[in-house]
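Heads up, the thing below is written out as structure tokens.
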Amino acid sequence: MANPFRLPMVPRALRNLVSRPATRRYPSEIRPRFDGARGTIEFDVETCNYCMLCMRRCPAAAITVVREERMWSIEQLTCIACNVCVEVCAKKSLTMSRDSKHVHVRSEVGPQGQRPGHEEWHGADPALTAPVKPAAEAPTSAS
Amino acid sequence: MNVNPVVYGVLFVFLAPVFGGLLAGMDRIISARMQSRVGPPLLQPFYDLGKLLQKNARQVNPIAEPLLLGHVGFMAATGAMLLGGTDLVFTAFVLALAALFLVLAAGSVNSPYSHAGAERELIVLLASEPFFILMLAAICKVSGASTFGGVLASPVWVAWQLPGMLLAFSFVATIKLRKSPFDISTSHHAHQELVSGLTSDMSGRLLAYVEMAHWYESAILAAFVVLFFNWAWPLGLGVFAVAYLLEILVDNSTSRAKWQLVLRSSWAVTLLLSGGNVLALFLLK
Amino acid sequence: MSSLIMFLVAFPLAAGALLLAIKNGRLRNVVVVAAAVVVASASVATAVTFGNGEAVFFGLPFDLPASLTLGRLLLVAELAIGAFVIVVSIQNRRILAPLLVGGQIAISLYLEISGKLPEFDLSRLFWFDKLSMIMVLIIGIIGTLICVHSLGYMRDYHRSNPLIKGRRTVFFALLFIFLSAMFGLVTCNYLPAMLVFWEITTLCSFLLIGYTRTKETIGYAFDALNMNMLGGLGFSLAILLLVNGNQTLDLAELTAHAAPAVLMPALALLCLAGLTKSAQMPFSSWLLGAMYAPSPTSALLHSSTMVKAGVFLLLRLSPAIAGSNLGTLVAFTGMLTFLFVSLVAVTEQNTKKVLAYSTIGSLGLIVGCAGLGSPELIWVGMMIIIFHAIAKGLLFLVVGTIENRLYSKDMENFDTLLSRLPKVSALALTGIAGMFIAPFGIVVAKWAAIRAFLEIPGWQGAALLVIMAFGSSLTIFYWGKLLIKVLSMKCVDDAELAIEKRVSRFEWLAEGTLAAGVVAVAASLGVISDKVVGPQALATFAGTSRAFLNIEPAMLVSMIVAVLFLPVLAVWASRQRNWCDEADFYAAGRTTSPDRTMGAALGQTRSVTLRNYYLEGVVNGALVFRAGTVICGAILVALIAVGMVGR
Amino acid sequence: MSFFSKSPWILHYDASSCNGCDIEVLACLTPLYDVERFGVVNTGNPKHADILLITGSVNERNIEIIQNLYRQMPDPKVVVAVGACACSGGIFARAYNIQGGVDKVLPVDVYVPGCAARPESIIDGVVQGISALEEKRKISA
């Protein structure tokens with residue numbers, strides 16, 4: 001047992017007492033995120049080609065893609081922000097935002113008990129945005 | 001002006017919680033600053049108390065709550081008796097009884113944590129009680145009075161004759177206030193081997209009673225310090241403030257001691273400092 | 001006037017003799033209860049008749065035949081006691097007791113044959129004052145209640161200990177003979193007569209401790225016999241010294257004033273007798289051995305009455321020895337005993353032994369008060385006698401009842417007592433409250449003692465203060481532990497609750513009455529102080545006049561509340577049933593239930609065992625006891641030496 | 001006035017976390033974030049707590065513990081799931097021994113996502129928990 005009558009912490013405590021606290025007063029004082037900080041996955045529905053690579057590589061199985069329906073969805077509560085999906089996305093449709101994910105409350109739980117944090121996109125026009133094969137990656141598809 | 005001391009006793013019952021609560025609030029802020037934190041608002045202890053009173057209490061058995069009421073009641077009574085003109089030595093015994101009720105309340109619960117806390121609180125009692133008896137007896141001896149008002153009115157400067165006792169007081173008060181390194185029975189700090197020690201199974205208003213009693217207890221300790229500085233009571237309160245600051249410093253700079261050490265050291269201090277002081281007093285007078 | 005006292009001495013003796021002849025249990029019940037009622041009424045009558053005025057002296061109500069002088073009568077009694085002791089000792093191959101008793105007989109024979117024994121004024125044979133009155137009431141009421149209690153206790157005792165041969169006829173006869181001797185002892189003013197009663201109580205204690213006749217208990221019985229006989233020998237020697245020095249054998253005369261140096265040797269020896277009887281260190285071990293006797297014996301002899309004979313004698317001697325070195329040494333013996341046994345008690349697990357240590361400690365306080373001797377301290381001493389007799393007697397009886405229900409005296413096994421034996425617990429709590437909960441009884445007494453210590457100049461005052469501070473804190477510790485065990489709760493089923501139904505009505509009657517007595521004494525504290533203890537304390541120190549502790553009505557009310565708080569609470573709490581459905585305790589997240597079990601790994605259920613702290617590693621009980629014995633032994637040697645030097 | 005918003009006491013339980021979120025919960029207590037500014041106390045004792053803060057996913061063996069701790073908290077009380085594992089099971093959701101998020105066994109009031117959840121998010125979560133607590137108090141009162 002350490003001798004409790006030795007007081008090595010006293011000078012430190014006294015120094016602290018007279019100096020400014022180290023506390024960052026969070027809600028009123030928000031520290032900007034570092035570069036490369038991983039927070040929320042953002043999805044650009046315009047550029048996605050529903051290749052499903054992100055879904056296949058996602059370690060948390062947070063991403064669901066249904067190519068036939070042009071649907072792309074993510075469970076933000078399951079996502080671990082590992083950045084793999086961003087790295088594999090050929091269309092650069094996925095980006096990693098520095099901002100933290102949103103906090104959710106129970107009232108957002110769906111009627112069937114779906115968790116909150118479910119985000120879902122549907123491609124506007126499947127005919128325009130859906131190349132059938134990954135090989136057909138020609139940039140001229142706009143015609 | 002001649003005021004019946006009973007008035008002071010009644011005032012104590014109502015004002016001591018305010019004093020104790022503010023003291024606890026200061027304590028938390030200063031502790032936080034010593035840890036380089038901002039800390040809670042000054043009134044935080046009152047918010048906590050209010051919340052605990054609003055919250056439901058889970059009953060662990062039917063006897064814990066009445067015993068805790070006894071605890072806070074006797075604590076208030078001790079202070080009221082102290083200021084209200086009861087014999088000083090007698091209040092030492094009532095103080096011990098008040099503390100005992102907390103032990104009994106915790107001991108009545110079946111939880112191993114509560115029980116261990118209760119047993120350790122008994123040790124705290126055993127460690128501190130001899131000192132308080134000696135202290136109050138010696139104060140009576142020195143001042144030739146037997147009541148609080150009597151000591152204040154006495155022309156003798158008590159602290160000059162009881163320096164050893166005053167030193168010992170600062171040591172024993174650490175035990176009584178359950179400050180580290182002597183917070184063996186419970187503490188306000190997070191995770192520990194005892195969970196929350198003797199308050200482990202007290203929830204809601206039951207915990208509020210414990211908190212209240214602790215406030216009364218700090219006020220009683222402050223009153224004890226005032227006894228030492230009977231020629232100028234504001235000086236006594238000032239000394240109490242400084243001593244309390246030191247307590248906070250020690251609290252923040254030490255790790256918890258084993259109960260064996262608590263018992264041995266406090267007995268040694270009581271015997272050497274207070275006992276020596278009393279001996280000198282009896283030999284020289 | 002004296003016939004009442006004679007009745008008090010003679011009637012229990014006759015009842016004892018009658019009980020010796022009764023083999024039928026039912027008949028015995030009737031006789032014991034009837035005799036108890038008669039003795040109790042007689043003691044109350046005595047107290048009411050004589051207790052209100054000044055001290056009175058009186059002789060025998062009849063004239064002795066010419067051939068039978070008092071001296072011869074006493075010699076015959078002493079020879080009978082001696083013969084009995086010698087026979088028993090030879091049977092059990094003990095050598096010390098016959099030697100001690102032989103010494104006493106030799107002294108008595110010498111005094112009788114040499115004719116040196118001065119003529120005694122028979123009209124001063126008995127001395128009845130308020131201290132005697134207190135003792136008579138204690139013996140008459142508490143003593144007889146304990147006899148009644150024994151009716152139930154002994155039945156269960158033999159049921160749960162089938163190997164012990166029942167000798168209940170002897171047991172009850174001894175109890176009543178003992179009462180008779182005690183009545184004699186506390187009213188007697190003639191030292192040789194007091195010695196005879198003194199020896200009878202020793203003998204009763206010896207026989208009752210050895211009741212079970214196992215090797216162990218016989219050993220303890222002889223320990224008690226030897227130590228008390230040593231005290232008896234001291235008593236005899238004191239009488240011898242007084243006779244040789246042509247001093248009086250009249251106790252009241254002897255103790256009327258501060259004693260001159262010439263009396264000191266005899267007083268020292270009388271103090272020795274008082275210290276042995278009240279089991280002060282270094283003689284404490286006999287009282288602990290005595291705890292192996294059946295519990296009513298512990299209550300009657302070793303708590304409420306017989307050990308009080310020792311402090312009774314010392315309180316009587318107090319005015320004579322106060323202020324002398326002898327008195328200071330006696331006081332220190334008592335106070336140090338209080339400190340040491342309290343320290344040992346915190347390491348003790350056997351409840352009866354804890355109570356025994358507490359008893360020795362309380363007696364130590366009285367001895368301390370008697371040795372220092374001031375009106376305030378005599379007040380304190382008598383207050384402790386009253387409170388201790390009633391509350392500790394109750395506690396011993398309750399522990400006896402618990403022991404017969406739970407088959408254990410171990411404090412740890414008293415766990416959750418409140419739930420298992422609710423009514424018994426309430427009684428136990430009344431006793432504990434009476435013993436030590438502030439602002440009542442012992443605590444008031446301790447406080448008054450501290451106030452008195454403050455007046456004592458020099459290092460003695462400081463030392464006594466320190467001893468008191470530590471000693472009384474230690475008492476909080478062991479009472480607190482006992483209270484924790486009694487007050488803890490769990491949910492029990494009907495089968496467990498049924499255990500309490502088997503407590504006999506004799507036990508309920510005795511314990512209930514004693515508990516009521518505790519409350520009554522608390523309520524009448526002011527009256528007792530003003531009318532009985534205060535005047536007596538002043539009368540003891542003739543010529544002094546001081547104001548005593550002023551007991552205000554508010555203080556009285558708070559006392560009654562303090563005494564009733566725990567028992568009433570306990571009764572109320574034990575009737576609550578609804579908490580059992582939902583209550584659980586914290587065990588690091590494990591499922592727990594109010595019957596004190598918790599879920600463990602692999603779906604098992606384990607019961608939770610909670611144990612008290614016994615300060616292992618800090619306080620070594622055996623070592624402390626030995627140290628106390630050695631230190632107090634040294635003081636005792638100094639005490640005798642100082643006495644012999646005559647200062 | 002209610003005092004609940006000013007004195008939320010927390011019980012932190014590590015279900016089967018990788019300790020990432022636990023470090024962040026403790027980071028909230030450090031001088032840098034100092035949640036005691038809001039009256040938050042980490043009690044370590046369900047009987048004192050108002051908010052049960054759970055990190056990590058629920059597995060077979062700790063279901064009983066979690067439910068028991070929750071049961072031992074006096075009402076009103078809320079549950080805050082901190083981190084992806086507590087919210088949904090995270091990457092362990094389909095492991096053989098994992099039941100999934102805390103909401104499989106307890107009514108979770110606030111979900112704080114992230115791997116690990118950031119101290120700022122945890123503070124936000126506690127603040128949300130406080131409003132949930134207030135609502136529950138109003139309902140029970």
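We name chains A, B, ... by the order of the sequence lines, and we start the count at 1 in each one.
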How close do [X] and [Y] get, counting heavy atoms only, and between which atoms?
{"X": "C:Leu454", "Y": "B:Ala137", "answer": "CD2-O, 3.5 Å"}
{"X": "C:Pro594", "Y": "B:Asn110", "answer": "O-ND2, 3.8 Å"}
{"X": "B:Leu104", "Y": "C:Gly480", "answer": "CD2-O, 4.1 Å"}

Distance in Å, [X] [atom1] paired with [Y] [atom2], rounded so as to fall on 0.5 Å steps:
{"X": "B:Ser108", "Y": "C:Leu483", "atom1": "OG", "atom2": "CG", "result": "11.5 Å"}
{"X": "B:Tyr113", "Y": "C:Tyr586", "atom1": "OH", "atom2": "OH", "result": "5.5 Å"}
{"X": "B:His115", "Y": "C:Thr609", "atom1": "NE2", "atom2": "OG1", "result": "10.5 Å"}
{"X": "B:Glu129", "Y": "C:Leu474", "atom1": "CD", "atom2": "CG", "result": "10.5 Å"}

Please state whether the side chain, the backbone, both or neither of [X] comes within less than 4.5 Å of a heavy atom of chain C.
{"X": "B:Leu122", "answer": "both"}
{"X": "B:Asn61", "answer": "both"}
{"X": "B:Ser274", "answer": "neither"}

So for [X], is it side chain, backbone, both, or neither that comes closer than 4.5 Å to the heavy atoms of chain B?
{"X": "C:Ala463", "value": "neither"}
{"X": "C:Val466", "value": "both"}
{"X": "C:Ser472", "value": "side chain"}
{"X": "C:Glu616", "value": "backbone"}
{"X": "C:Ile450", "value": "side chain"}
{"X": "C:Lys485", "value": "side chain"}
{"X": "C:Trp572", "value": "side chain"}

Under 3.5 Å: donor-acceptor pair, side chain of B:Glu119, backbone of C:Tyr613 | yes
Could you check whether any side-chain heavy atom of [X] comes within less than 4.5 Å of a side-chain heavy atom of [Y], counting everything from C-beta outward?
{"X": "C:Met468", "Y": "B:Ile133", "answer": "no"}
{"X": "B:Leu271", "Y": "C:Phe470", "answer": "yes"}
{"X": "B:Phe101", "Y": "C:Leu566", "answer": "yes"}
{"X": "B:Ile123", "Y": "C:Leu615", "answer": "yes"}
{"X": "B:Pro112", "Y": "C:Phe585", "answer": "yes"}
{"X": "B:Ile63", "Y": "C:Leu569", "answer": "yes"}
{"X": "C:Arg451", "Y": "B:Asp87", "answer": "yes"}
{"X": "C:Val618", "Y": "B:Trp259", "answer": "yes"}

Show the numbers, then the answer: is there a side chain to side chain contact (heavy atoms under 4.5 Å, CB included) between C:Trp459 and B:Leu283?
-> CA-CA 6 Å; C:Trp459 62 271; B:Leu283 287 180; 4.0 Å; yes
Could you walk me through whether B:Phe282 and C:Leu465 pass the side chain to side chain contact (heavy atoms under 4.5 Å, CB included) check?
-> CA-CA 10 Å; B:Phe282 273 74; C:Leu465 208 55; 4.0 Å; yes
Among the listed options B:Val60, B:Leu125, B:Thr86, the residue most often paired with chain C at heavy-atom distances under 4.5 Å |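 Highest number of heavy-atom pairs under 4.5 Å: B:Val60.
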Please work out whether the ring planes of B:Phe74 and C:Phe565 are parallel, tilted or perpendicular, with thresholds of 30° and 60°.
-> perpendicular
